[in-house]
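Note that the structure is a prediction, hence the values are computed from the model and not measured. The sequence lines fix the lettering, A, B, ..., with proteins before strands; numbering per chain opens at 1. Only heavy atoms go into these numbers, but all of them, side chains included; no hydrogens, no water, no symmetry mates.
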4 protein chains.
Amino acid sequence: MPRDSSDTRQRIERHALRLFVEHGADGTSVRDIAQAAKVAEGALYRHYESKDALVAHLFAANYTRFAGELDAAQRAEGTGRGKVRAMVATFCRFFDADPVLFRFLLFVQHGQLARLPDDAATPVTVLQDVMTGAIERREIPRRDPALSAAWVMGLVLQTATFAVYGRVKPPLAPLSAEIAEAAWRAISTPMPAR
Amino acid sequence: MPRDSSDTRQRIERHALRLFVEHGADGTSVRDIAQAAKVAEGALYRHYESKDALVAHLFAANYTRFAGELDAAQRAEGTGRGKVRAMVATFCRFFDADPVLFRFLLFVQHGQLARLPDDAATPVTVLQDVMTGAIERREIPRRDPALSAAWVMGLVLQTATFAVYGRVKPPLAPLSAEIAEAAWRAISTPMPAR
Amino acid sequence: MPRDSSDTRQRIERHALRLFVEHGADGTSVRDIAQAAKVAEGALYRHYESKDALVAHLFAANYTRFAGELDAAQRAEGTGRGKVRAMVATFCRFFDADPVLFRFLLFVQHGQLARLPDDAATPVTVLQDVMTGAIERREIPRRDPALSAAWVMGLVLQTATFAVYGRVKPPLAPLSAEIAEAAWRAISTPMPAR
Amino acid sequence: MPRDSSDTRQRIERHALRLFVEHGADGTSVRDIAQAAKVAEGALYRHYESKDALVAHLFAANYTRFAGELDAAQRAEGTGRGKVRAMVATFCRFFDADPVLFRFLLFVQHGQLARLPDDAATPVTVLQDVMTGAIERREIPRRDPALSAAWVMGLVLQTATFAVYGRVKPPLAPLSAEIAEAAWRAISTPMPAR
DNA sequence: GATGAATGAGAATTCATTCAT
DNA sequence: GATGAATGAATTCTCATTCAT
């Protein structure tokens, strides 16, 4: 009984995501996914070439989509500070809205980042571009934009990580302004004397 | 465990660590490890109950050992600022001294953190205790110590992550003071008006 | 079956034949056939009960049709020698006209011969009947007609096999008379003294 | 309980050979082989890289070994006629001694011949070399040695094939001299006038 | 007649673990 | 302590076949 094809796909993706977060991608078998999504094992292969391809697709699609949201948020602001605030808020809202997806991206990143096309727009590239702009506008010191980007990203991501492990209490949105301000102060740190 | 005198054991751990970083723990078979370490497959079970136990041991032993180093570094300083500086420096030196081990801890953490005993001293608890002390000494604002700890940790770890992915050029030690200063500024951010 | 008017059916058979020769019957999936013939996978089952039935049909239909051609050629001649010449020529023309079909019959024979009805007229039975006739007419020695049939068949088939593997250069038609003469001499070999 | 390693290997090969002949290589699963050989499925992979590799090994090893026997038989004779007689006898003895192996080689040849190294000595090359020698010694007409080789091979192989299908009654050894004589007469056929 | 998503049994293969030597 | 062949359950993936549209 062929159901709506996109329905099958969505069920597979939703349950796969959840299981990957609960037991890891390697700890989740195709059978697990099929059973949770209530489809036959073989059905998965009509939609994805392999289990690996499913993982890669879930990562790449959501990672780059989030990069797009980050970029849109950033574009709506005129100053570096506004951009950082907007991006941090986007991160926090994402975490609050779909913690499962957020955790998936967090957990599998180290196995997947290398598989992205070199020119893919990612949260990292968006952040880095914003840093470059802020430096050019002399809003922050002239340090390696990658370093500034790492700091902003680290502040938010580690807060989210602590939320995942119960050390910080979600939702994160109420903390957004505070994190953004801390991030701005971090990247405003003057360059050390040489 | 460096004080274990068994040569076999050390060979297994060294090569396992490397392979886990290169191909992931699940992507590395006992046979892979045995071949790299030039021992028979069965020999591994003389030293560890299972492959899982090997992974858990490598994580727990090194993670808590590093927590100890962090704590020692922190204790040697009297002020919050000094403690943060010392801890950041310890992080950076660790990354520079043994990038493979650092990456292992970074990559497998999400699968291993939950398996640590609840009362284990970890880098996180060390950081959190330092934050609590700094708050008590009124060196930084009275926010949730977990949040301050997350920020310091995020700043350093994300810088290291960028180093792993080639976005920041190692060694990290030369950046240590700058990162510590940024961290200090971040956690010094005044509490938002309520 | 050439007289089947269905275009779909013909496309299926033609491409199936080619794929079976290229990758073997087991190495060719229904999907492969459907894609090559540009029909849906399910369409195949409108024409054949199963993939197995398709293979069996392709073999049986063509094998017995060829037996018919062989028989017709044989009948047109009055002498054993003429009959052998005519049959060898028919073999060679078949190979030259449709090498793909010839190879298919050659390759799958061992899996299919047992499935033919016991009374089916095949190239083997035709040859054997001709040998029996030639013996009765005292044109060749009185040996087991199966043996004589095997020799004629072997001479032609192995020449064709060498052509398939590039050891003999097609077309075979120009060699037909020579092969037939060799075959005739082989089966004319006097019976050994007892 | 590790039995003698070569024993396991031999059991696998013997039963695989039999099953391949009975049900075809594709019709025989690794599980079938393992059960027949009374080993676990995984044990097979300690000895062969894959099921395919097992098939290929069984073919190549036995096919080339037989080529060696053929060559030895041929070398022991001084004349073309003697060589043909000796080779035909070797074929017949092989069939009689190990019909299962003979049938295996016969059945899978078309899937395996292309996988042999280009320079492998095979029954075909041995036969062809003998034909070349006979032509040089003016024992038989100057036709393409491949053609003469095909005829000798065809005569024997098709007789064996008929024996496999019950059309000729084994053993073949008693027919050996008669087949050899027929083969010799076939390849002695004068070249056609041009 | 045709489509192609879905089925689900079964295939090959991997691999952590055991154990006789 | 060490070896490595053997185990056998589990995994990923394939594929002939079905069936709602």
Exercise for the section: In sequence, state the C-alpha distance, the side-chain angles, and the governing distance for E41(B) and R46(B), and then conclude on salt bridge (charged side-chain N to carboxylate O under 4.0 Å, His left out). Expected result: CA-CA 10 Å; E41(B) 293 177 60; R46(B) 191 73 47 186; over 6 Å; no
Handout entry: Whole-Å gap separating C1' (dC15(F)) and CG (L19(C))
Key = 15 Å
Practice task
Kindly express the pairing pattern of DNA chain E in dot-bracket notation, using | wherever a base pairs with another strand and counting only Watson-Crick or G-U pairs under 3.5 Å.
Solution key: .||||||||||||||||||||
Practice task
May I ask you to verify if any side-chain N or O of T8(A) is less than 4.0 angstrom from the OP1 or OP2 atom of dA5(E)?
Solution key: no
Practice task
Give the nucleotide from the list dT12(F), dA16(E), dG8(F) with an atom nearest to the side chain of Y45(A).
Solution key: dT12(F)
Problem - Spacing of K51(A) atom NZ relative to dT14(F) atom C1', expressed in whole Å - result: 17 Å
Handout entry: From dT3(E), dG8(E), dA11(E), nucleotide with atom closest to A40(A) side chain
Key = dG8(E)
Fill in the blank from the handout: Out of dT17(F), dT7(E), dC15(F), minimum distance to the side chain of V39(A) belongs to dT7(E)
Fill in the blank from the handout: Interatomic distance, CZ@R65(A) vs CG@N62(A), rounded to 0.5 Å, equals 5.0 Å
Problem - Atom pair distance, as rounded to whole Å: CD1 in I12(D) and P in dA5(F) - result: 12 Å
Exercise for the section: May I ask you to check whether H57(C) and E13(C) show a side-chain donor-acceptor distance below 3.5 Å? Expected result: yes
Completion exercise
On DNA chain E, more 5' by nearest nucleotide between T28(B) and D52(D) is D52(D)
Exercise for the section: Could I get the full list of side-chain hydrogen bond (donor to acceptor under 3.5 Å, both in side chains) partners for S50(D), not counting sequence neighbours? Expected result: none
Exercise for the section: In plain terms, say whether D52(B) and R115(B) are close enough for a salt bridge, that is, a side-chain N and a carboxylate O under 4.0 Å apart. Expected result: yes
Handout entry: Spacing between L44(A) atom CG and dT12(F) atom P, to the nearest angstrom
Key = 10 Å
Problem - Between dT14(E) (P) and Q35(B) (CD): distance, integer Å - result: 13 Å
Problem - Value in whole Å for how far the P atom of dC15(E) lies from CG of D26(A) - result: 11 Å
Exercise for the section: Would you tell me if any nitrogen or oxygen in the side chain of R46(D) comes within less than 4.0 Å of OP1 or OP2 on dA5(F)? Expected result: yes
Practice task
Could you tell me which non-hydrogen atom of T28(C) sits nearest to which non-hydrogen atom of I33(C), and how far apart they are?
Solution key: CG2-CG1, 3.7 Å
Practice task
Could you tell me whether E49(C) atom CD has more than 12 heavy atoms of other residues or ligands within 6.0 Å of it?
Solution key: no
Exercise for the section: Would you indicate, yes or no, if dA6(F) has its OP1 or OP2 atom less than 4.0 angstrom from a side-chain nitrogen or oxygen of H47(D)? Expected result: yes
Handout entry: Earlier contact from the 5' end, DNA chain F, for K38(B) and D32(C)
Key = K38(B)
Exercise for the section: Assign V30(A) to base, sugar-phosphate, or nothing according to its heavy-atom contacts below 4.0 angstrom with the strands shown. Expected result: sugar-phosphate
Exercise for the section: Assign the ring pair F94(C) / F66(C) to parallel, tilted or perpendicular, where the plane angle (0 to 90°) is split at 30° and 60°. Expected result: tilted
Completion exercise
Ranking S29(A) and G42(D) by the position along DNA chain F of their nearest nucleotide, the one closer to 5' is G42(D)
Problem - Under 3.5 Å donor-acceptor pair, E41(B) side-chain atoms to dC15(E) base atoms - result: no
Practice task
Write down the distance between CZ (R9(D)) and C1' (dG4(F)), rounded to a whole number of angstrom.
Solution key: 15 Å
Problem - Rounded interatomic separation in angstrom, taking NE2 from H23(D) and C1' from dA11(E) - result: 17 Å
